[in-house]
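All remarks here apply to the structure that follows.
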Amino acid sequence: MTSLLEVKDLTMRFGGLTAVDTLNFKVEKGTIHGLIGPNGAGKTTTFNMISGFYTPSAGEVLLRGENIAGLPMHEVARRGVVRTFQHSTLFAELTVLENALVGTHMPFRPNLFAAIFGWDKDARNGAEARAREALTFFGLADVGHEHAGDLSHGHQRALGMAVAYASHPDIVLLDEPFTGMNPEETKHMMGLMKQLCSDGITILLVEHDMQAIMGLCDNITCMSFGKFLAEGGPAEIRNHPAVIEAYLGGARHVA
Amino acid sequence: MIELLAQTGLNAVYAASYISLVAVGLVLIFGVMGVINFAHGELFMAGAYVVVALYAQRFVPFFIAVAAGLVFVGLLGLLMERALFRPLRDNPLGGLVASIGFLMILQALAVMGFGVRMEYIPPVTQEVIAFSDKVRLPISRLYVIIAAVVMLSLLWYFLKRTRFGWALRASAQDPQAAALQGISVTLTAKIAMFIGAGFAGLAGALTAPLVSVNPYMGHSIIVTAFIVIIVGGVGSLEGAVLASIVYAFVHTFVTTFYDGVIADITGLMLMLIVLIVKPTGLFGSADRA
Amino acid sequence: AGETIKIGFLAPLTGPVSAWGKPGLDGCTIWAERVNAEGGIKLEDGEHKIEFVAYDNEYDPAKARTGATKLIREDGVSFVMMLGGDTWPGVQPVADRTGMLFSTLLPSDLSPDTTTLVAPTEVHPIYIVTGVQWLAENRPELKTAVMCAQDDALGLPSVATYLAAFEAAGIEMQDDPLLFDPATTDFAPVVTRLLSSNPDIVCLDTCYSDYVHPICTQLFLQGFKGQIISATADFYDQMIAKTSKEFMEGFIFQFPDFDDPALNAEHINFPDANGFYTEYNKRYPGQWGAVSWEYASIMELWKLAAEKAGSVDPEAVLAAMQEGGKGQHAFGEASWWGEELFGIDHALVGDWPVVMIEDGKARIKAFVSIPDWYDQHGDLLIKYMTKYDQMWSQRS
Amino acid sequence: MFIWTVIAAILFALPNLLSFSQQEVLVFLTINILVVASYRLLTLTGEWSLGHVVIMGVGAYASAMLTKSSGLYVPLGIVMGGVVAGLTALALSYPLFRMKGFYFLIGSFAAGEIIRLLWKRFREPFGGTKGIKGIDPMPDFSVGFYDFDFFEPTSYFYFSAIVVAICLWILWRIEKSPIGLTFQAVHWQDKLAQASGVNLRAYRTLAFVIASGFAGIAGALLAHYIGTINPNSFDVEVMVFVLTWAIVGGTSTFYGPILGCVVLTILNEVVLRELGLEQTRPLIYGLILILSILFMPNGLESIVQKFTRQKERRSLRPEEAK
Amino acid sequence: MLLEMRDINVNYGKISAIRNISINVPEGQIVTIIGGNGAGKTTSLRAMSGMLPLKSGEIHFEGKRIDGMAPHKIVAHGIAHVPEGRRIFPDMTVEENLRTGAFLRKDKAKVENDLKDVFERFPRLHERRRQRAQTMSGGEQQMLAIGRALMSDPRILLMDEPSMGLAPVIVEEIAVIVEEINARGLSVVLVEQNAVLALELANYAYVLESGNMALEGPASELHDNEHVRAAYLGL
Ligand SMILES: Nc1ncnc2c1ncn2[C@@H]1O[C@H](COP(=O)(O)OP(=O)(O)OP(=O)(O)O)[C@@H](O)[C@H]1O
Ligand SMILES: Nc1ncnc2c1ncn2[C@@H]1O[C@H](COP(=O)(O)OP(=O)(O)OP(=O)(O)O)[C@@H](O)[C@H]1O
Ligand SMILES: [Mg+2]
Ligand SMILES: [Mg+2]
């Protein structure tokens, strides 16, 4: 059986530097998969290659067996791979509802002539319904008319996920969604992700917050200096000597 | 033929000189203030009018008038910084509109002060270095070449060898973070505006006896300067100088061997081709666009 | 005295082309003061003062149209003077509809479609043939020429005319005319190219003074020693100062200073040219140029016609102006002409002065007849005009 | 609906309240409204072009040439002007949309200058520097109760106002549609938009082509009114005016740029001229630009917004009281 | 008292961000400010380094009043700020970024020494000293921002969430750094979401809640405070 997403010998070179080096891992459908590693290990670069932001120097990105490496970002998105960004990247000047509506771009592709003459009532209603559904899912239903830039930090994070959710993704790539959150908010966010997952959406997660990683992931891949280091469940990874050495350290300050 | 090539080469060196003075000023201002100074051509014009007012009408020695041109236009730059660009720091489109307004004002003031007619400026010197009968470099043009080389070298030294260069780059990239390193962003902005505008004024003042000085003379120079800084890569001083040289040679040679209108089209095509091949110009980096 | 008569002045007064409008308005102001001081214009119903109403068209056809509407329909002017060029086609529908009498400096605006537009002073660029003819007659040793021109609406017809004139005079062109962009400021490359073929004559075409001055300076600095011919040489004293008296000696062009004694001659129709020149220079020192007197001379023509007609009704004035196919041109009686080139005989053509710089001062050397030249060489002119798409039927 | 009827009635009455030359200004103003409104559509995607006025010129040239040479019916020519302008934009989008921001700004300027140089250089068929004269006017016709005489500014105003109103309606529909939203998304966060499946290049091009098409229609309207066009009618100075209208008016609402166009045109063409400030006009206009941007950084629209918001609040209060 | 903030109020436009905040930083101590999102921690730090104008209140540094001064003047007094969001200079190389941190310093030899120091602490920065800062990974940029602040040889270091985006091993390293520079006599103001870490390091702590000062006290006391444990430590 093919996995939902598989990277095969994925490699990215910047000049003389090999940021990602023949990396291999598989993400199974319906799971939350963690990708961890020291700073500069190549996690964001891997995300960028999967999502089409970079074209890999070598290797393949297989989505349900189809190689999507090198496709432009919007094409990758249309195949069901949707990413969110480090920091809260949102349409700050648009309202929350409008943000979510942009997210419905793929399921309800706008049509110019229909839009002018108003023949797209169904599509618009459908898009709005989906957008509201996404907002409700992430507890944002009440703030739909506010500008995204005015939202609190936590709400902005939730909105970022709602935008992704609205586009009916098969798999979402989340890059450090927990940064800048206090333990309370982290817990809330973890709840949201579990909901996403139970909604049938696969998650690939990069994070340095071990509370979140260990609490969420079914499977964790650890990389270091661009290379595969270890893989396994949270318990396994937590106690993996190489991972402790390269990444976790004494974990004196980590929950 | 050799002579024609040599003379054309000399013509091109001169053109490269004044174009690069103007273009470098424009880049400096864009780099630090983040606005496109549409009034840059009019600063050039203002420099020329200083020479009209002092040298042509009041018989102040030419080089003193040129220095005055540099300083006066530099001060205009400071005025723009204080009155327009500082209040509009977070509003690049606003800065653009303000510079357009300033352009109109400068033009109108020139018309009111001096009339629309071309101004007369007595020649500074009529001496010519004659390499041969057909290869001649007028001293007045040599002044421009020397001034460009000297001023650009000084600027280069100033930027690379003094802390100001750091300050300039840092405040261009992130003014707030620059302030946190102890850099006075306002001072940096003032210096950049003074130098940027002053260079335009210097170019205008020096070339004033060689061109027809009128209130609308800024237009063609700014069009050229725009092309040049785009080809060079916005924000890159080296790029601006290199592109000035390339543009001046291409334009001058095409003018001499074909004609002036073809030269304009060639210049623009050159720019489009550079941009198609490298959308950020020769020296530009992708993220500053 | 009766009601004041208003004359529209519809030309660029601001912007880059304003040098073609503003000095003309200044000249007209002086002209009007002089006429009004003598009581004004004498019509059937008595004397009337004259007043100019100006509208700045910024050399934009749309604004010119607005201006024409305002002048005619709101200010009630009796005659509208324009620079013409780009702005005329915008005004043309207004002229056709209102029947207002218009004048232009540029006869290339003429066409049979509009019967109320006249080009009564500067029959640009046809008059330049006189300079070439005079040069060929008086300096037969000059055999070869080169030419440059700005690539615009004035440059091209005049290129065609000079080519015809040189061919008629048996002077050989050594190179195709060199066209440059009107925005050019550095003329060294242009001059280098011109001089590369060692010509006897350098022809500057109808360059504006913004071009003539730097080109001459460059010719001087790049060591040219031959003959220069140009349509205009406004502010030639400055050119002399920028080059040298010797260099400019013998420079030929077509626009006299109005203190020239030759303008006191009986056949000249510009009243007290010398006095006008003095007054103009007093008020606008250093601003005298071709444009300064041309609009005023059109007014003089109009005034004579209006007085003859006894009214300012445009139709009547035009009829009086053109009575017998003759008109009172500034430089003497002339004929209404132009059918072949412009499709209509609305250009006033007669003698035109050939001016030469002698000992640092412009002097009229001769008045040469344009119609005579045309009778002999008209086919050449038409050939080149056709080549440069300048015939009225070619104008799109 | 009622409000639109009132506006229509006012527009109908408007020319009769004006002097002849003001009627002329009104015609040009109407056309310019379409120019800024179409420009706004492009700026929705965050790109500021300096070639918009040249594209408008492409429409003008196309319509003028088609009606002149092949005798195309003028209204069809106007539509074709829009089509040709749109197609030109489509061709230009290939090189131009490799650039962004400042590069696009100057790149579009260069592309425009090349087009203008081509007009100047090729007397056949573009007429060279003199451009095209004697462009066919709109053929007069009668609708029973009103005789359209297109020499009269009033008639042409009614005609162009109808055309412009239709165009504005379409532009407005687009802006308020999911497509308009996508344009804004492309502007504010192009990466996030892309991650939502938006084809950036396609949407940028779409906005450019639509905006250019309407600019082309505006150009054609202008050409058939004045009867002449030349390369200088579409030079960067005109562009600068469009740019200042759009920015001084404001960039956050549909009506902002239109407001800027109306207010600045009235100030420049009517008020300053009436004050007899013929020759100091550029000076005062420049001052107005600077002061308005300094004191209204969010544009004229911000005043309107303040006003309407106050109204909203006022109308809310009684409900709160309940 | 090295740094003293008295009754500070700061507004963003019309919106009040912090109200009547007083914070004292004694010489040689580590002080932490904790609080939820939007509590006003960043705002407080920005007020200290002069990046935001005060609505009211006073700030004294070594007895001199510094509020109202331009930020670059305040920095010259010896205040270094690791800003939220890193704010590195994207087009400069790593080394250039670090040297910009020493912009005001004249003691060349010591600057070189400090540079070596930073490179030793963050070998990754040394390895990449010629790389354009923008292309560094998120965590690498954070290291760079901290290194840059250290390069100014400050008297007091304001750190806004220094552990953000860093791998657990590096977070430990940061803790070590803070302890070490503190041992050298530097004062530190630490803003952290990772309250466990912050309270462990700090001598004294302030708790902000939606712009108001909710609690303050010695760090060890707050660590045992019920409310703090529930709200910020996730216990
Ligand atoms: N455009 C680039 N040019 C050169 N080097 C780059 C470029 N982009 C990334 N790198 C380098 O590649 C390595 C991997 O970077 P990446 O951003 O993938 O790390 P990461 O695992 O996401 O780290 P972090 O946890 O700190 O975010 C880093 O060392 C980085 O400096
Ligand atoms: N630039 C700004 N403009 C307007 N309001 C702002 C701005 N920056 C912050 N605020 C508001 O000021 C308040 C305090 O924000 P501040 O950034 O100081 O919080 P913080 O405690 O640092 O939060 P975080 O943990 O999210 O960094 C918040 O309500 C925030 O929304
Ligand atoms: Mg990363
Ligand atoms: Mg903060």
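Heavy atoms only: backbone and side chains are in, while hydrogens, waters and symmetry mates are out. Quick caveat: nothing in here was measured; it's all calculated off a predicted structure. In what follows, chains are A, B, ... by sequence order, proteins preceding strands, each numbered from 1.
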Original post:
Who passes side-chain contact (heavy atoms from CB on, under 4.5 Å) against E/Asn37, sequence neighbours left out?
Top reply: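 For E/Asn37 the side-chain contact (heavy atoms from CB on, under 4.5 Å) partners, ignoring immediate neighbours, are A/His153, A/Glu185, E/Gln193.
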
Original post:
About how many Å separate CE of E/Met164 and CG of A/Asp209, when rounded to the nearest 0.5 Å?
Top reply: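 That separation rounds to 11.5 Å.
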
Step through the shown structure and confirm whether more than 12 heavy atoms of other residues, nucleotides or ligands are within 6.0 Å of [atom1] on [X].
X	atom1	value
A/Phe225	CZ	no
E/His227	NE2	yes
A/Gln195	CD	yes

Original post:
Is chain E contacted by the side chain of A/Ala246, its backbone, both, or neither, given a heavy-atom distance below 4.5 Å?
Top reply: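 The answer is the backbone of A/Ala246.
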
Subject >> Engaged part of A/Leu17 at the chain E interface, taking heavy atoms whose separation is under 4.5 Å >> reply: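 Only the side chain of A/Leu17 comes within 4.5 Å of chain E.
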
Given heavy-atom pairs under 4.5 angstrom as the criterion, report whether the side chain, backbone, both or neither of [X] touches chain A.
X	result
E/Met143	side chain
E/Leu166	both
E/Ala195	neither
E/Glu161	side chain

Subject >> Best-contacting candidate, E/Gly36, E/Ser137, E/Ala167, against chain A by heavy atom pairs under 4.5 angstrom >> reply: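 Heavy-atom pair counts peak at E/Ala167.
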
Subject >> Close side-chain approach of E/Arg124 to A/Asn39, heavy-atom, < 4.5 Å >> reply: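 They are not in side-chain contact.
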
